[in-house]
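Quick notes on the structure that follows.
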Amino acid sequence: MIREPLIFELSAKGKRAYAMPALDVPEAKGALDGLAVRDGIEGFPEASEVEIVRHFTRLSQQNYCVDEGFYPLGSCTMKYNPKINEKIAALPGFAGVHPYAPADTVQGCLEVLKRTEDYLCEITGFEAFTLQPSAGAQGELTGIMLIRAALAKRGNPRKVVLIPDSAHGTNPSSAHLSGYAVQEIKSNPDGGIDLEELARCMNEDVAALMVTNPNTLGVFESNIRRAAEIVHAKGGFLYMDGANMNALTGIARPGDMGADVLHVNLHKTFSTPHGGGGPGSGPVGVVKEMVPFLPTPYVVRTANGYGLDDDRPDSIGRVRGFYGNFLVVVKALTYILALGPEGVREIAEIAVLNANYIRKSLEGIYNLPYDAPSLHEVVFDDKIQKDAYGVTNLDIAKRLIDYGFHPPTMSFPLIVHGALMIEPTETESKRDLDGFIETMKTIAEEAKADAGLLKAAPHHSFVRRLDETAAARNPVLKWEKPKSE
Amino acid sequence: MSYIALSDDDKREMLARVGVRTPADLFHCIPEGVRLRRLLNLPPAMAEPELDRHMSGIAAKNTYGDYLSFLGAGVYDHFIPSIVDSLSSRTEFVTPYTPYQPEVAQGTLQAIFEYQTLICQLTGLDVSNASLYDGAHAAAEAVLMIHRLTGRNRILVARSLHPQYRETIRTYTRNVGLVIEEVGYGTCGGLKSAELREKMGDDVAGILVQSPNFFGVVEDLKACAETAHARKGLLAAVAAEALSLGLLEAPGKMGADIVCGEAQSFGLPPAFGGPFLGFMACAKAHLRQLPGRVAGQTKDVDGKRGFVLTLSTREQHIRREKATSNICSNQAWCALRATMFLETLGREGLREMALQNVHKAKYAATVLSKIPGVKLRFSGPFFNEFVLDLPKDAAAAAAALKAKGILGGLPLGGFEPDAAKALLVAVTEVRTKASIDRLAAALEEVLR
């Protein structure tokens, strides 16, 4: 297969893909006076329109995506992204609006924000939401800052945040950035919150417990109410990471579980596409006590419609510009309205059915390190294949690529060695699930018969296994003009 | 509308294999006490034609599009070539996740690598990350980065930095023991260099200055860099109007150690404030403290060139609380659009677009400041945005202009204490001479 060159290697002096209309104002003498003007941009590309179109079309063909096939990347909720969402978000009435426009000219945008907030409150059981955070990690940061503000208001912001060893890395990082020391708490033998350990760690220095529920094993924390009581009894807050909300929509609400703060990922549960790494959106929901601390501005209902409230003295302030990744919010609202209450419940029902179908079909062929019932995702590991044939989760993952599947999440959560975390989501057909299951069985057979085949996989991709160690050791992070030219 | 792909037979078969009777049985692991025993109170499901009508109806409530707009202030209306929309909406770019499996994500990874190269060329620095959330976030990350690099806790931030960026910096630094001090601006609209020198002590990590600044005025970055470096501090230059980099000297060439900001101008619509594109580049020596994802070049087992996410030991999924940032998802698709935009405009096109901005803004400033009582508030050079001092309250004038179908700019009364009569006007290449003349005529009328 021929690799598409870099645009800089295609570039040739004088080629154009764009023409400016003639300048229609008089060119003022001295317009550039006082400005340090550059000579030109060294190395900047010059290419024709058709070359650029082919360049990106070919690059796109080297990507695997949800619209191509099964993408069981655990904890990322790679469900189908409805096309109407894209169409609505591209409407000039949304995409073309300047964020500093007067409120009466942007009532539609404010309605989108307020109604999305209303629906998220209903789905999760919270009092209010901010839609400002740009992604899940920024939602976490916002949430922990809200907790800090609420504790400070009570008189003492405290020092420590408790985080289970199964948590996403963003949890400790966000807590640290909010000025807290992180104390890891060990999971119990089932991979869940260890209540005794929690009770031991919980004291008046602890600001919050951060819990992902269902946890990163895809298991519901059945002790969540009890955990909330332990935390609340000592004056702390329960932060819930809603990355796995896809298991719960219409079934159970974090607000009813004792959580005080929650972030959800619109790019996971609410079907907005991930765009190869973002933009996401990480709205944060809170209980009543924490509403005054939400970031500014906050969208409010007024006598004439909607407005933006900037005058919130207890607010933590803004966490980014304007009102969040607005067009992502538009897509999520479109999605919620398409589904309605039955459809939103069906998300969780079918996501959990699909995950359990995979679990049941592969149990015994792949090792299940934790036996607790699965919700929306199932975590296997490579123990069987590794012990017998030296085949690792990486080999299995790379071999899946040869069969036209995206690999599951690997090596996470950290409490599972050699993890293969499979999250099918609710939008897969039985035919695709069966195809994946059969392929996983085939790979298990291949591990027996020809481990080398797996070790050398993938065989049928644009590139084969890449040397990531060399990439990190000698970083080449941009194109450089060859010295000979 | 349902996006479920299972038939009733499929469901029956699957439930049977799992060993339960109904989907509800799958949730027995959730204690009764926290189960929701009712349907959610949401509007009933809509079929696509209804949904289309409904959402289009909400969009139509936005009347912004009916106005001739000269709003800027960090968000700019620039032409977006058709191929950007067409190519970026390819589903192979829209619907993958972060490229954790490089063998099936070479398209995204190569595009990031090209993006990083373009950002380095524009900023005049060695390395770029793959994106941050937006300009405000990038500014906050820059402050944290210069703190980590120097181990010093005081940071000087230009008062002329975008107010939302300053607010975001406050939020991000409040809980980690940093002291943010503002440096004022003079009558030229640029930083007061004497005040800057005076405040720049040996305990100061560095300086954050925006150019063109919030008032549109281009700062003397060279002087700022000298002041910072004289005390072994660092300079982070912020560009909220990234198009300026197409014409003005690269900040990295003028001594900036970090260049970051907002690249919405590169192929992203105003979108009521997002998604936008935070960018950040730095000198090679500072690479290990750079926040966010980075793509790098390597080889596969056959020796073929390929790209991977690299240097992840800086990041949260490896380093957890010791990471350089908590960022995980970024604005990859926005960076892709910027890459397409920049490659389409190319070396000459970008410069021409930037130049037209200067000429049109200059023309507008000239015409507008001829109106009796109207003058430019600052004497410093500007790129595509400037502040007018009006003979009356700017908010009132803006309201009167609005009645004539024009959003003439952003009144600065709410932003600066003594700026009730100041109006921030942006003029990009998409505003025609006729529309500028229309603004001038209308302003003259409302001020009469």
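Quick note on labels: first sequence line is chain A, next is B, and so on, each numbered from 1. Only heavy atoms go into these numbers, but all of them, side chains included; no hydrogens, no water, no symmetry mates.
Comparing A:Arg38, A:Lys478, A:Lys360 by how many heavy-atom pairs each has under 4.5 Å with chain B, the most go to A:Arg38. Comparing B:Glu429, B:Arg319, B:Arg305 by heavy-atom pairs within less than 4.5 Å of chain A, the highest count is held by B:Arg305. With respect to chain A, the highest number of heavy-atom pairs below 4.5 Å among B:Asn175, B:Asp302, B:Leu6, B:Leu345 belongs to B:Asn175. The choice from B:His317, B:His54, B:Arg170 that makes the most heavy-atom pairs within less than 4.5 Å of chain A is B:His54. The candidate from A:Ala470, A:Cys109, A:Ser429 with the greatest count of non-hydrogen atom pairs under 4.5 Å with chain B is A:Cys109. Between chain B and the residues A:Gly280, A:Gly324, A:Gly343, the largest count of heavy-atom pairs under 4.5 Å involves A:Gly324. When each of A:Gly108, A:Gly93, A:Gly40 is scored by its heavy-atom pairs under 4.5 Å with chain B, the top score falls to A:Gly108. Heavy-atom pairs under 4.5 Å with chain A were tallied for B:Thr313, B:Leu87, B:Val176, B:Asp126; the largest tally goes to B:Leu87. Comparing A:Ala101, A:Ala135, A:Pro373, A:Ser134 by how many heavy-atom pairs each has under 4.5 Å with chain B, the most go to A:Ser134.
For A:Gln138, the parts sitting under 4.5 Å from any heavy atom of chain B are the backbone and the side chain alike. Interface residue A:Met257: backbone and side-chain heavy atoms are both found under 4.5 Å from chain B. Using a 4.5 Å cut-off between heavy atoms, A:Arg16 contacts chain B through its side chain alone, with no backbone atom that close. Heavy atoms closer than 4.5 Å to chain B are found nowhere in A:Ala175, neither backbone nor side chain. Only the backbone of B:Pro44 comes within contact range of chain A, with at least one heavy atom under 4.5 Å from a heavy atom of that chain. Heavy atoms of A:Tyr71 lying under 4.5 Å from chain B belong exclusively to its side chain. Neither the backbone nor the side chain of A:Pro295 comes within contact range of chain B; no heavy atoms are under 4.5 Å apart. Heavy-atom distances place the side chain of A:Pro458, and not its backbone, under 4.5 Å from chain B. Looking at B:Ile4, both its backbone and its side chain come within 4.5 Å of chain A, counting heavy atoms on both sides. Heavy atoms of B:Leu118 lying under 4.5 Å from chain A belong to its backbone as well as its side chain. For B:Val308, the part lying near chain A is the side chain, with the backbone staying farther off; criterion is any non-hydrogen pair under 4.5 Å. For A:His98, the parts lying near chain B are the backbone and the side chain together; criterion is any non-hydrogen pair under 4.5 Å. Using a 4.5 Å cut-off between heavy atoms, A:Leu6 contacts chain B through both its backbone and its side chain. Heavy-atom distances place the side chain of A:Val344, and not its backbone, under 4.5 Å from chain B. Both the backbone and the side chain of A:Arg253 come within less than 4.5 Å of a heavy atom in chain B. Looking at A:Arg225, only its side chain comes within 4.5 Å of chain B, counting heavy atoms on both sides. For A:Asp104, the parts lying near chain B are the backbone and the side chain together; criterion is any non-hydrogen pair under 4.5 Å. Only the side chain of A:Lys398 comes within less than 4.5 Å of a heavy atom of chain B; its backbone N, CA, C and O stay farther away.
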### Query
Going through the distances and angles, do B:Phe27 and A:Phe220 end up as a side chain to side chain contact (heavy atoms under 4.5 Å, CB included)?
CA-CA 9 Å; B:Phe27 296 95; A:Phe220 191 83; over 6 Å; no
### Task
Step by step, work out the salt bridge (charged side-chain N to carboxylate O under 4.0 Å, His left out) result for A:Glu346 and B:Lys11.
CA-CA 12 Å; A:Glu346 203 178 22; B:Lys11 282 185 212 167; 3.7 Å; yes
### Task
Determine, step by step, whether B:Glu103 and A:Arg465 satisfy the salt bridge (charged side-chain N to carboxylate O under 4.0 Å, His left out) criterion, reporting the C-alpha distance in whole Å, the side-chain angles of both residues, the deciding distance to 0.1 Å, and the verdict.
CA-CA 7 Å; B:Glu103 297 87 351; A:Arg465 268 191 221 191; 5.5 Å; no
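Taking each heavy atom of A:Ala28 and B:His359 in turn, the nearest pair found is N-ND1, 4.0 Å. Minimum interatomic distance between B:Ser329 and A:His267 (heavy atoms only, all atoms of both residues): OG-NE2, 3.8 Å. Nearest heavy-atom pair, A:Pro99 versus B:Pro270, reported as atom, atom and distance to 0.1 Å: CD-O, 4.1 Å. Of all non-hydrogen atoms in A:Ile52 and B:Thr344, the two that sit nearest each other are CD1-CA, 3.6 Å. Here the shortest heavy-atom pairing between B:Gly346 and A:Phe44 reads C-CD2, 3.8 Å.
Formation of a donor-acceptor pair under 3.5 Å by the B:Asp300 side chain with backbone atoms of A:Arg464 is found in this model. Using modelled atom types, no side-chain atom of A:Asp256 and backbone atom of B:Val34 make a donor-acceptor pair closer than 3.5 Å. Remark: the backbone N or O of B:Asn41 is paired with a side-chain donor or acceptor of A:Glu122 at under 3.5 angstrom. Using modelled atom types, one side-chain atom of B:Thr298 and one backbone atom of A:Asp467 make a donor-acceptor pair closer than 3.5 Å. For the pair B:Thr117 (side chain) and A:Trp479 (backbone), a donor-acceptor distance under 3.5 Å is present. Using modelled atom types, one side-chain atom of B:Gln116 and one backbone atom of A:Leu477 make a donor-acceptor pair closer than 3.5 Å.
Here the side chains of A:Pro45 and B:Gln121 are in contact, with some heavy-atom distance below 4.5 Å. For the pair B:Pro102 and A:Val463, the minimum side-chain heavy-atom distance is 4.5 Å or more. Side-chain contact check for B:Met1 versus A:Leu339: every heavy-atom pair is 4.5 Å or farther apart.
Donor-acceptor pairing under 3.5 Å is lacking for the side chains of A:Thr170 and B:Asn326. Under 3.5 Å, the side chains of B:Thr95 and A:His274 contain no donor-acceptor pair of N or O atoms. Side-chain atoms of B:Arg320 and A:Ser173 form no donor-acceptor pair, as typed in the model, at a separation below 3.5 Å. The closest side-chain donor-acceptor pair between A:Ser60 and B:Arg90 falls under 3.5 angstrom. Using a 3.5 Å distance cut-off with no hydrogens or angles, the side chains of B:Thr108 and A:Asn63 do pair a donor with an acceptor. With no hydrogens or angles considered, a side-chain donor-acceptor pair links B:Glu114 and A:His55 at under 3.5 Å.
In summary, A:Asp24 and B:Lys360 engage in a salt bridge, as defined by a charged side-chain N under 4.0 Å from a carboxylate O. Between A:Glu46 and B:Arg351 no salt bridge is recorded (no basic side-chain N to carboxylate O distance below 4.0 Å).
Residues forming a side chain to side chain donor-acceptor pair (under 3.5 Å) with B:Asp52 (at least two apart in sequence, or on another chain): A:Lys87, B:Ser56. Under the rule for a side chain to side chain donor-acceptor pair (under 3.5 Å), B:Glu321 has no partner lying at least two apart in sequence or in another chain.
Within a 6.0 Å radius of NZ in B:Lys253, other residues, nucleotides and ligands contribute 12 heavy atoms or fewer. For A:Gln61, the CD atom is densely surrounded, since the number of other residues' heavy atoms within 6.0 Å is greater than 12.
A centroid separation of 6.0 Å or more is found between the aromatic rings of A:Phe94 and B:Phe272.
The aromatic rings of B:His162 and A:Tyr100 sit parallel, their planes meeting at an angle under 30°, below the 60° perpendicular limit.
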